[in-house]
Enquirer: 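Once you've had a glance at the structure underneath, I'll fire off some questions.
The first residue in the sequence is number 1, and the count goes up from there. Note that these values count all heavy atoms, side chains included, but never hydrogens, waters or copies made by symmetry.
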Amino acid sequence: MRKITTPCEDAFKSVVPVLRLAIAKRLIEKGVPVVKASKEVGISATTYEKQIKMKEEQVQKVNSDEEVSDMLDSLVGRILSGQTVESTSFCILCSRSRRIFNLPPCPNL
């Protein structure tokens with residue numbers, strides 16, 4: 001019997017962790033300390049250090065997609081300027097990223 005999952009559950013397991021790493025990595029590249037960048041995206045610095053090595057290829061895939069990369073730049077810019085990042089912004093980013101991970105589009109967006 002197949003377990004019933006929602007599109008968000010599927011994305012939460014495969015897409016969201018990579019997006020968090022990609023955002024943290026961009027923040028770090030902009031000079032934000034690892035601990036602060038990791039905290040900003042909801043992971044520990046230790047988790048970032050472990051996961052970035054394991055998922056570097058996936059992070060590169062996300063960064064190489066022009067639309068997703070532009071969205072990441074915008075989100076990072078808002079974080080750096082102290083603006084609030086609405087959850088819907090992240091949902092749209094996740095939705096656009098799903099195709100990179102061979103997941104069907106988000107039915108809610």
Enquirer: Keeping the roles fixed (side chain from R98, backbone from P7), state whether a donor-acceptor pair exists under 3.5 Å.
Expert: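 Flag set: sc R98 to bb P7 pair under 3.5 Å.
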Enquirer: Would you say E9 has more than 12 foreign heavy atoms packed within less than 6.0 Å of its CD?
Expert: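 Atom CD in E9 is packed in, count exceeds 12.
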Enquirer: How long is the gap from CD1 on I23 to CG on D73, to the nearest 0.5 Å?
Expert: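 Result: 11.0 Å between the selected atoms.
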Enquirer: Using 0.5 Å steps for rounding, measure from the NZ atom of K53 to the CG atom of L21.
Expert: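 So the NZ of K53 and the CG of L21 are separated by 12.5 Å.
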Enquirer: Which distance, rounded to the nearest 0.5 Å, do you find between the NZ of K50 and the OG of S44?
Expert: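 Those atoms lie 8.0 Å apart.
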Enquirer: Output the distance between atom OG (S38) and atom CD (E49), rounded to the nearest 0.5 Å.
Expert: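 The CD atom of E49 is 7.0 Å from OG of S38, to the nearest 0.5 Å.
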Enquirer: Looking at every non-hydrogen atom in both residues, tell me the closest pair between V16 and C94 and how far apart they are.
Expert: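 So the minimum-distance heavy-atom pair works out to CG2-SG, 4.2 Å.
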Enquirer: For a side-chain contact (heavy atoms from CB on, under 4.5 Å) check, start with the C-alpha distance between K30 and L27, then their side-chain angles and the critical distance, and finish with the verdict.
Expert: CA-CA 5 Å; K30 299 276 187 187; L27 289 169; 5.7 Å; no
Enquirer: Can you tell me how far the CD atom of Q58 sits from the CG atom of N63, to the nearest 0.5 Å?
Expert: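 It comes to 12.0 Å.
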Enquirer: Using a 4.5 Å cut-off on heavy atoms from C-beta on, say whether the side chain of V32 contacts that of E40.
Expert: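 Not in contact.
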Enquirer: Rounded to the nearest 0.5 Å, what separates atom CG in L93 from atom OG1 in T88?
Expert: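 So the gap between those two atoms works out to 11.5 Å.
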Enquirer: For the side-chain contact (heavy atoms from CB on, under 4.5 Å) test, which of K39, R20, K25 pairs with Y48?
Expert: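 Going through K39, R20, K25 one by one, the side-chain contact (heavy atoms from CB on, under 4.5 Å) with Y48 is satisfied by K25 alone.
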Enquirer: Is the shortest side-chain N to carboxylate O distance from D65 to R99 below 4.0 Å?
Expert: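 Yes, charged N to carboxylate O under 4.0 Å.
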Enquirer: Locate the shortest heavy-atom distance separating V62 from L72; write the atom from each residue and the value.
Expert: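 Scanning both residues completely, I find the closest heavy atoms to be CG1-CD1, 3.6 Å.
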Enquirer: Should we count CD of Q83 as having more than 12 external heavy atoms under 6.0 Å?
Expert: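 Enclosed.
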Enquirer: Any chain of hydrophobic side-chain contacts (each under 4.5 Å) joining L80 to V41?
Expert: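 Result: yes, single cluster for both.
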Enquirer: So do the side chains of P17 and Q51 get within less than 4.5 Å of each other, counting heavy atoms only?
Expert: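 Result no, sub-4.5 Å side-chain heavy-atom pair not found.
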Enquirer: Closer than 3.5 angstrom, by distance alone: can the side chain of S64 be matched with the main-chain N or O of K61 as a donor-acceptor pair?
Expert: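 Checking the backbone N and O of K61 against the side chain of S64, a donor-acceptor pair under 3.5 Å is found.
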Enquirer: With hydrophobic residues grouped by side-chain heavy-atom distances under 4.5 Å, do F101 and F12 end up in a single group?
Expert: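 Yes, F101 and F12 fall within the same hydrophobic cluster.
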Enquirer: Please step through side-chain contact (heavy atoms from CB on, under 4.5 Å) for the pair L19 and F90, ending with a clear verdict.
Expert: CA-CA 9 Å; L19 293 176; F90 195 83; 3.9 Å; yes
Enquirer: With side-chain contact (heavy atoms from CB on, under 4.5 Å) as the criterion, how do S69 and R26 come out once you've worked through the C-alpha distance, each side chain's angles and the decisive distance to 0.1 Å?
Expert: CA-CA 10 Å; S69 183; R26 285 177 184 230; 2.8 Å; yes
